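Quick caveat, the model's predicted, so the values are computed rather than measured.
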Protein chains: 2
Amino acid sequence: MNLRNLRTFVATAEDGGLGRACSRLNLSQAAASRQIHALEAELGVAVFEHVGRGLRLTSEGELLVQRSRQLLADAAMLVEHARAL
Amino acid sequence: MNLRNLRTFVATAEDGGLGRACSRLNLSQAAASRQIHALEAELGVAVFEHVGRGLRLTSEGELLVQRSRQLLADAAMLVEHARAL
DNA sequence: GGTAGTTACGAATTTCGTAACAATC
DNA sequence: GATTGTTACGAAATTCGTAACTACC
């Protein structure tokens, strides 16, 4: 597993689409799409579903985005804690 | 930050040296050394100190290895939880 | 026609292992 | 001289952006 894919996943969920998120992440839309698909393949779960032209979290995605956000926060805390030593 | 570097760090701390850990990680000793140095550079902290021919955790490393182990466990739980959906 | 996401492709970056090195025993 | 960790180098693998495509409005 990979924190970067998790960040892209969370950002996309928060922004409600790839376009918004990938500019915030300094990433092309294609790269963001690939990262999310890689994450889904690894977890064996679809985190987004297609609705119209866009993406929406699945119910599984809703659960995972919370856990992912928590893990990313914990990781950031670890870094912050280390740098404060 | 990077979970793989964290895994290498924790494994090396547990095994008390690169040699033991890197065989367990299916990684060359050189790669393990690089990962740990990259982690130290990113965190701005030395997690190991040289003692004789080997490595030993610094006091900061002692603190960080615990947090790292926890983060890795949380990440594994996330994956496990996702796959169970 | 315009927008959102996906996929193919070659380019750029990262990461790897081998080999040579320094230091300790 | 043997063992442990580090560093240089080219090779392998990953990841990227552009561009072409599909689907929806």
Enquirer: Can you tell me how far P of dA22(C) sits from CG of L55(B), to the nearest Å?
Expert: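 Value for this atom pair: 19 Å.
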Enquirer: Roughly how far, to the nearest 0.5 Å, is the OG1 atom of T8(A) from the CZ atom of R24(A)?
Expert: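 R24(A) atom CZ to T8(A) atom OG1 measures 10.0 Å (nearest 0.5 Å).
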Enquirer: Are the charged groups of E62(B) and R67(B) less than 4.0 angstrom apart, N to O?
Expert: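 Result for this pair is no, no salt bridge flagged.
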Enquirer: Report the distance from atom CZ of R20(B) to atom C1' of dG5(D), rounded to the nearest whole Å.
Expert: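 Value for this atom pair: 11 Å.
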Enquirer: Pairs under 3.5 angstrom, nitrogen or oxygen only, protein versus nucleotides 10-16 of chain D, please.
Expert:
unit_1: dT15(D); atom_1: O3'; unit_2: R4(A); atom_2: NH1; d: 2.8
unit_1: dC16(D); atom_1: OP1; unit_2: R4(A); atom_2: NH1; d: 2.5
unit_1: dC16(D); atom_1: OP1; unit_2: Q35(A); atom_2: NE2; d: 3.1
unit_1: dC16(D); atom_1: OP2; unit_2: Q35(A); atom_2: NE2; d: 3.4

Enquirer: Does OP1 or OP2 of dG5(D) have a side-chain N or O of H37(B) closer than 4.0 Å?
Expert: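 No, because none of the side-chain N or O atoms of H37(B) sits under 4.0 Å from OP1 or OP2 of dG5(D).
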Enquirer: Between dT6(C) atom C1' and E49(A) atom CD, what is the distance in whole Å?
Expert: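 Whole-Å distance recorded here is 17 Å.
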Enquirer: Using whole Å, report how far CZ of R7(B) lies from P of dT15(C).
Expert: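 These atoms are roughly 14 Å apart.
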Enquirer: How many angstroms lie between atom CG of L39(A) and atom NE2 of H37(A), to the nearest 0.5 angstrom?
Expert: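 Here the interatomic distance stands at 11.0 Å.
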Enquirer: Under a 4.5 Å cut-off applied to non-hydrogen side-chain atoms, are L64(A) and L85(B) in contact?
Expert: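 Heavy-atom side-chain distance check passes, below 4.5 Å.
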Enquirer: Does a side-chain N-to-carboxylate-O contact under 4.0 Å join E14(B) and R69(B)?
Expert: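 Salt bridge between E14(B) and R69(B), a charged N being under 4.0 Å from a carboxylate O: yes.
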Enquirer: Send over the distance from Q29(A) CD to dT3(C) P, rounded to a whole Å.
Expert: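 Result: 12 Å.
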Enquirer: Distance from T12(A) atom OG1 to I36(A) atom CD1, nearest 0.5 Å?
Expert: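 Result: 3.5 Å between the selected atoms.
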Enquirer: Roughly, in whole Å, what's the span from CG in L25(B) to P in dC16(C)?
Expert: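 From L25(B) CG to dC16(C) P: 11 Å.
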Enquirer: In whole Å, I'd like the distance from the CZ atom of R56(A) to the C1' atom of dA4(C).
Expert: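 These atoms are roughly 15 Å apart.
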Enquirer: Please confirm whether the shortest side-chain N or O distance from H50(B) to OP1 or OP2 of dT6(D) is below 4.0 Å.
Expert: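 For dT6(D), OP1/OP2 do have a side-chain N/O of H50(B) under 4.0 Å.
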Enquirer: Does OP1 or OP2 of dT6(D) have a side-chain N or O of S33(B) closer than 4.0 Å?
Expert: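 For dT6(D), OP1/OP2 do have a side-chain N/O of S33(B) under 4.0 Å.
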Enquirer: Taking F48(B) as the fixed residue, which of T58(B), L57(B), L18(B) is the one that meets the side chain to side chain contact (heavy atoms under 4.5 Å, CB included) rule?
Expert: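 So, applying the side chain to side chain contact (heavy atoms under 4.5 Å, CB included) to F48(B) and each of T58(B), L57(B), L18(B), only L57(B) qualifies.
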Enquirer: Expressed as a whole number of angstroms, how long is the span from F48(A):CZ to dG5(C):P?
Expert: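 Checked: the CZ to P distance equals 9 Å.
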Enquirer: Distance check: side-chain N/O of R53(B) vs OP1/OP2 of dA22(C), anything under 4.0 Å?
Expert: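 Looking at the OP1 and OP2 atoms of dA22(C), neither is under 4.0 Å from any side-chain N or O of R53(B).
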